[in-house]
Amino acid sequence: MGSEMSSLPDLELFTMGMWSIGLGAIGVAVTGILLANTDLFLSKPEAASLEYLETTELKYLGEAQERTFKAGELWKKNGAVIMAVRRPGCFLCREEASELSSLKPQLDQLGIPLYAVVKEKIGTEVEDFQHYFKGEIFLDEKKKFYGPHKRKMLSMGLIRLGVWQNFLRAWKNGYSGNLEGEGFILGGVYVIGAGKQGVLLEHREREFGDKVSLQSVLEAAEKIKPQAADTD
């Protein structure tokens, strides 16, 4: 009888200890989720200068021999709007590509081309992406349009409320995709002026599905001053 009574406090202490550990673990998990939904742990983008971007070697796709050229040729005369695609098979990227392509009539009126760069070419991923993107696509193997400081979002992206809201939005809009290719290095959108006018808009993806403002793209594009044609 006495030994049974003496074991009760030990059992109570053990039970209280287990509850404390459980509550502590829940508290840590909740704190982690809350912190993951702030910008505290997001990698900060480093602005890409015109000098950094214009020397980037890009490759033409869809040719027997993929020719290379300097990226500065894209915006030399008329400027350009350029999407750095995180992953062509991603349904969030396809959504943004489709929305950017909706600006093509206005961009054509301004004489400004729409381009995209990808970091890899896997199977028919680029060709499939072309259904959503109405501009020419080039290969940026060195990923310079994703830098100078390449930012990644890993598993933390799956516990961010904003990411799930973006997933739901794109799914409701009828977009679908696949899991082919590297999709952790974040992308962005640039509006670059003609010649040495500089980078007029640089949108860096903060999290999966963080789209550029179409109004901002148009406003920046309207500031582009085309270079006068060379005369003999």
Side-chain angles (χ1 to χ4, degrees), residues 42-63 66-88 90 93 96-97 99-101 103-104 106-108 110-121 126 129-130 133-153 181-207 210-228 230:
L42 294 183
S43 53
K44 303 297 185 288
E46 181 182 343
S49 67
L50 184 68
E51 292 73 20
Y52 171 82
L53 293 172
E54 65 185 358
T55 58
T56 302
E57 279 200 355
L58 299 179
K59 283 186 177 181
Y60 287 97
L61 294 173
E63 299 181 354
E66 294 176 346
R67 294 180 294 128
T68 63
F69 66 98
K70 299 295 184 184
E73 295 297 317
L74 295 178
W75 57 80
K76 184 177 180 180
K77 293 182 179 179
N78 297 307
V81 175
I82 303 174
M83 178 181 182
V85 182
R86 180 166 52 80
R87 190 170 62 80
C90 169
C93 300
E96 183 168 29
E99 292 185 2
L100 271 177
S101 295
L103 298 180
K104 198 162 190 316
Q106 294 101 306
L107 294 175
D108 286 346
L110 295 169
I112 300 166
L114 175 65
Y115 299 120
V117 296
V118 294
K119 37 183 144 76
E120 57 187 354
K121 186 180 186 303
V126 174
F129 188 70
Q130 199 79 67
F133 188 77
K134 306 307 178 186
E136 197 166 358
I137 302 174
F138 306 99
L139 179 62
D140 176 15
E141 287 183 314
K142 294 183 178 178
K143 306 178 183 66
K144 291 190 70 175
F145 275 85
Y146 302 84
H149 169 57
K150 298 176 185 65
R151 298 164 305 115
K152 289 187 177 183
M153 175 162 280
E182 196 286 321
F184 297 120
I185 298 176
L186 298 171
V189 174
Y190 300 85
V191 178
I192 303 177
K196 296 294 184 179
Q197 193 178 354
V199 179
L200 303 178
L201 174 70
E202 182 177 355
H203 168 79
R204 295 303 189 93
E205 197 178 20
R206 292 174 57 255
E207 60 186 8
D210 174 32
K211 300 183 297 182
V212 69
S213 159
L214 298 183
Q215 184 61 37
S216 297
V217 171
L218 276 180
E219 288 174 359
E222 288 169 352
K223 296 176 183 176
I224 294 177
K225 300 172 183 175
Q227 297 291 291
D230 293 336

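For clarity, every value in this text was computed on a predicted model and none was experimentally measured. Residues: numbered from 1 along the sequence shown. All values below come from the heavy atoms of this structure, side chains included, with hydrogens, waters and symmetry mates left out.
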Tell me the closest heavy-atom pair linking [X] and [Y], and the distance in Å.
| X | Y | value |
| --- | --- | --- |
| G181 | R87 | O-CD, 3.4 Å |
| G193 | W75 | O-CD1, 3.5 Å |
| I112 | A221 | CD1-O, 3.2 Å |
| S101 | K134 | OG-N, 2.8 Å |
| V189 | E96 | CG2-OE2, 3.7 Å |
| K223 | E219 | CG-O, 3.4 Å |

Measuring from atom [atom1] of [X] to atom [atom2] of [Y], what distance do you get when rounded to the nearest 0.5 angstrom?
| X | Y | atom1 | atom2 | answer |
| --- | --- | --- | --- | --- |
| K59 | E141 | NZ | CD | 3.5 Å |
| H203 | K211 | NE2 | NZ | 10.0 Å |
| C93 | M83 | SG | CE | 5.5 Å |
| L100 | L214 | CG | CG | 6.0 Å |
| F138 | T56 | CZ | OG1 | 13.0 Å |
| S213 | E99 | OG | CD | 10.5 Å |

Main-chain N/O of [Y] paired with [X] side-chain donor or acceptor, under 3.5 Å:
| X | Y | answer |
| --- | --- | --- |
| R151 | R206 | no |
| Q130 | G135 | yes |
| D140 | V117 | no |
| Y146 | G188 | no |

Check: What residues form a side chain to side chain contact (heavy atoms under 4.5 Å, CB included) with A220, not counting sequence neighbours?
Finding: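 Here the qualifying residues are V191, L200, L201.
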
Note to self: Are V118 and L139 packed together at the side-chain level, in the sense that at least one heavy-atom pair is separated by less than 4.5 angstrom?
What the structure shows: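 SC-SC contact between V118 and L139 confirmed.
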
Margin query: With heavy-atom distances below 4.5 Å as the criterion, would you say the side chains of L74 and I192 are in contact?
Written below: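 L74 vs I192: side chains apart.
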
Next item on the list: Scan for side-chain hydrogen bond (donor to acceptor under 3.5 Å, both in side chains) pairs involving residues 181-190, sequence neighbours excluded, and state none if there are none.
Entry: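 Counting only pairs at least two positions apart or across chains, the side-chain hydrogen bond (donor to acceptor under 3.5 Å, both in side chains) contacts touching residues 181-190 are K119-E182, Y190-R204.
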
N/O donor-acceptor pairs under 3.5 Å from side chains in residues 46-53, not counting sequence neighbours:
from	atom 1	to	atom 2	distance (Å)
S49	OG	Y52	N	3.1
Y52	OH	K144	O	3.1

Item checked: Electrostatic pair E57:K142 at N-O distance under 4.0 angstrom ->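 No.
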
Next item on the list: Before giving the answer on side chain to side chain contact (heavy atoms under 4.5 Å, CB included), spell out for L103 and V81 the whole-Å C-alpha distance, their side-chain angles and the decisive distance to 0.1 Å.
Entry: CA-CA 10 Å; L103 298 180; V81 175; over 6 Å; no

